[in-house]
Trainee: 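The structure is given below, and queries will be raised subsequently.
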Amino acid sequence: MMELRVVDLEKRIRDHLEKLGFEIHPLKVGWYNAVLSPAFHLPYLDDTLAFVVLSTPAMFDKAFKPFLRNGPLKKIRDPVDQCISHHLTLLRESLADQQVDIMYDYELLPNRKPKFLAQTAAHIAGAAYYYQRKDVQQDPWGEKKIYGVCIHPRYGGWFAIRALLLFPGVEVPSLLQKTPVDCVTTEEKRIELLEKFNFHWRDWSYRDITEVKEKYSEEQKTYFATPPAERLQLLTLQG
Ligand code: B12
């Protein structure tokens with residue numbers, strides 16, 4: 001009975017979000033908490049169902065451009081963030097019978113820590129492998145701080161991790177955990193990836209560390225390469 005309800009729920013979320021260029025991957029909160037230090041734990045039962053939401057390259061055309069055409073933007077908030085929260089709010093309304101908590105990648109707690117760690121969630125759900133400094137045996141970076149990066153089996157680095165949907169009332173003890181695809185397998189490539197992400201992220205080359213099936217269009221690249229304060233103007237000019 002319980003399992004059927006979960007399958008149905010997952011299908012409803014998928015049907016709603018996939019046509020907009022999003023991808024969803026289920027996980028249990030307990031898997032996520034198990035790898036994190038207590039300061040980052042989410043206060044839910046271990047078996048609680050959650051979904052990590054990714055935006056794929058198609059989101060720009062399928063959700064973002066239509067969103068811009070349809071309504072006035074609030075000047076103070078990032079347009080893509082507004083688009084995503086718009087669609088996840090609609091999703092929540094369509095699941096009216098279900099309590100759902102939504103955490104966005106850009107949301108911070110009062111102590112300035114992010115509400116959830118997007119990369120850990122993506123890895124744990126099997127969506128995109130999270131390459132960290134500790135995935136390299138002999139690293140050349142000494143005292144430098146090195147941030148980790150997720151790579152998706154289909155989109156490489158051409159995607160973003162947008163939100164975590166949590167279902168406090170829904171427990172899924174028998175959900176099976178998927179291992180993320182390890183697509184950057186050699187020591188040399190992993191070093192190259194982390195160097196590109198940390199020291200050359202502005203040239204976006206880390207996103208092409210693997211052969212990709214689909215990536216951002218030229219238009220989408222121009223949009224994201226424009227400083228946030230000038231993006232609205234860019235969109236207005238293009239009509
Ligand atoms: Co940033 N950024 N960022 N960023 N950033 C995010 C990480 C994210 C996920 C945003 C998104 O997609 N919406 C993307 C990365 C996407 C990806 O991985 N493919 C992102 C990007 C793309 C960038 C930039 C390229 C700029 C941009 O285009 N937006 C640059 C690149 C980095 C650079 O500067 N060269 C960038 C920069 C930054 C700054 C401003 C520098 C800060 C600091 C970065 C950092 O701390 N990682 C930054 C932040 C704060 C974030 C943000 C909001 C939070 C990250 C954070 O604070 N992590 C995230 C979004 C989010 O997560 N909500 C985006 C806290 C640290 C402590 O986490 O290092 O992963 P951690 O440590 C945990 C893991 O190691 C875990 O435990 C630790 C905590 O206890 N752990 C795990 C331990 N053992 C194990 C074992 C396993 C198997 C696993 C899975 C985990």
Side-chain angles (χ1 to χ4, degrees), residues 21-25 27-42 50 52-57 59-60 64 78-85 88 102-109 111-136 139 141 144-166 177-184 190 192-210 212 215-216 220-228 231:
F22 296 100
E23 229 182 58
I24 60 153
H25 297 263
L27 68 144
K28 283 204 241 184
V29 171
W31 301 339
Y32 172 90
N33 285 345
V35 298
L36 290 174
S37 47
F40 290 107
H41 285 186
L42 295 173
V52 62
V53 181
L54 313 183
S55 58
T56 75
M59 186 276 296
F60 196 77
F64 187 54
D78 178 76
V80 170
D81 290 348
Q82 286 181 56
C83 167
I84 288 163
S85 75
L88 294 185
I102 307 178
M103 294 178 180
Y104 295 98
D105 63 314
Y106 53 82
E107 285 186 304
L108 300 177
L109 295 166
N111 64 9
R112 311 293 301 158
K113 282 196 192 320
K115 274 200 175 170
F116 82 103
L117 295 186
Q119 297 161 309
T120 294
H123 182 101
I124 283 306
Y129 201 106
Y130 184 28
Y131 294 96
Q132 306 187 69
R133 184 175 190 161
K134 60 183 173 228
D135 294 309
V136 170
D139 79 52
W141 300 300
K144 285 197 192 111
K145 173 88 191 114
I146 299 293
Y147 300 127
V149 54
C150 285
I151 295 296
H152 189 285
R154 192 176 159 85
Y155 308 117
W158 301 95
F159 73 103
I161 309 157
R162 300 298 184 171
L164 191 66
L165 310 176
L166 294 132
Q177 189 167 11
K178 288 201 194 95
T179 330
V181 180
D182 177 2
C183 32
V184 185
R190 287 178 181 188
E192 184 188 334
L193 171 63
L194 290 174
E195 301 227 321
K196 286 182 160 163
F197 184 71
N198 281 271
F199 311 126
H200 310 285
W201 60 274
R202 279 175 200 279
D203 71 13
W204 292 15
S205 59
Y206 79 86
R207 298 181 191 252
D208 280 320
I209 193 77
T210 55
V212 301
K215 61 175 167 179
Y216 293 179
Q220 182 167 186
K221 285 189 207 166
T222 309
Y223 177 80
F224 285 113
T226 303
R231 286 176 185 170

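Numbering of ligands and ligand atoms starts at 1, following listing order.
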Trainee: Identify, chain by chain and in numerical order, each protein residue with a heavy atom under 4.0 Å from an atom of ligand 1.
Mentor: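 Contacting ligand 1 under 4.0 Å are Val35, Leu36, Ser37, Phe40, Asp105, Pro114, Phe116, Leu117, Ala118, Gln119, Thr120, His123, Tyr130, Gln132, Lys134, Tyr147, Val149, Cys150, Phe159, Ala160, Ile161, Phe197, Asn198, Trp201, Tyr206.
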
Trainee: State which residues pass ring pair (Phe, Tyr, Trp, His ring centres under 6.0 Å) with Trp204; sequence neighbours excluded, sorted by chain then number.
Mentor: Trp158

Trainee: Would you call Asp208 and Lys215 a salt bridge, using N to O less than 4.0 angstrom?
Mentor: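 Salt bridge present between Asp208 and Lys215.
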
Trainee: Can you give the donor-acceptor pairs under 3.5 Å from side chains of residues 27-40 to other protein atoms, not counting sequence neighbours?
Mentor:
{"from": "Lys28", "atom 1": "NZ", "to": "Asp47", "atom 2": "OD1", "distance (Å)": "3.1"}
{"from": "Lys28", "atom 1": "NZ", "to": "Pro173", "atom 2": "O", "distance (Å)": "2.8"}
{"from": "Tyr32", "atom 1": "OH", "to": "Leu117", "atom 2": "N", "distance (Å)": "2.7"}
{"from": "Asn33", "atom 1": "OD1", "to": "Leu42", "atom 2": "N", "distance (Å)": "2.9"}
{"from": "Asn33", "atom 1": "ND2", "to": "Leu42", "atom 2": "O", "distance (Å)": "3.1"}

Trainee: Lys221: which residues meet the salt bridge (Lys or Arg N to Asp or Glu O under 4.0 Å) condition with it, sequence neighbours left out?
Mentor: Glu218

Trainee: Does Arg207 use its side chain to pair, donor to acceptor, with the backbone of Gly156 at less than 3.5 Å?
Mentor: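 Judged by distance alone, no pair lies under 3.5 Å.
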
Trainee: Is the Tyr223 to Phe64 ring centre distance short of 6.0 Å?
Mentor: yes

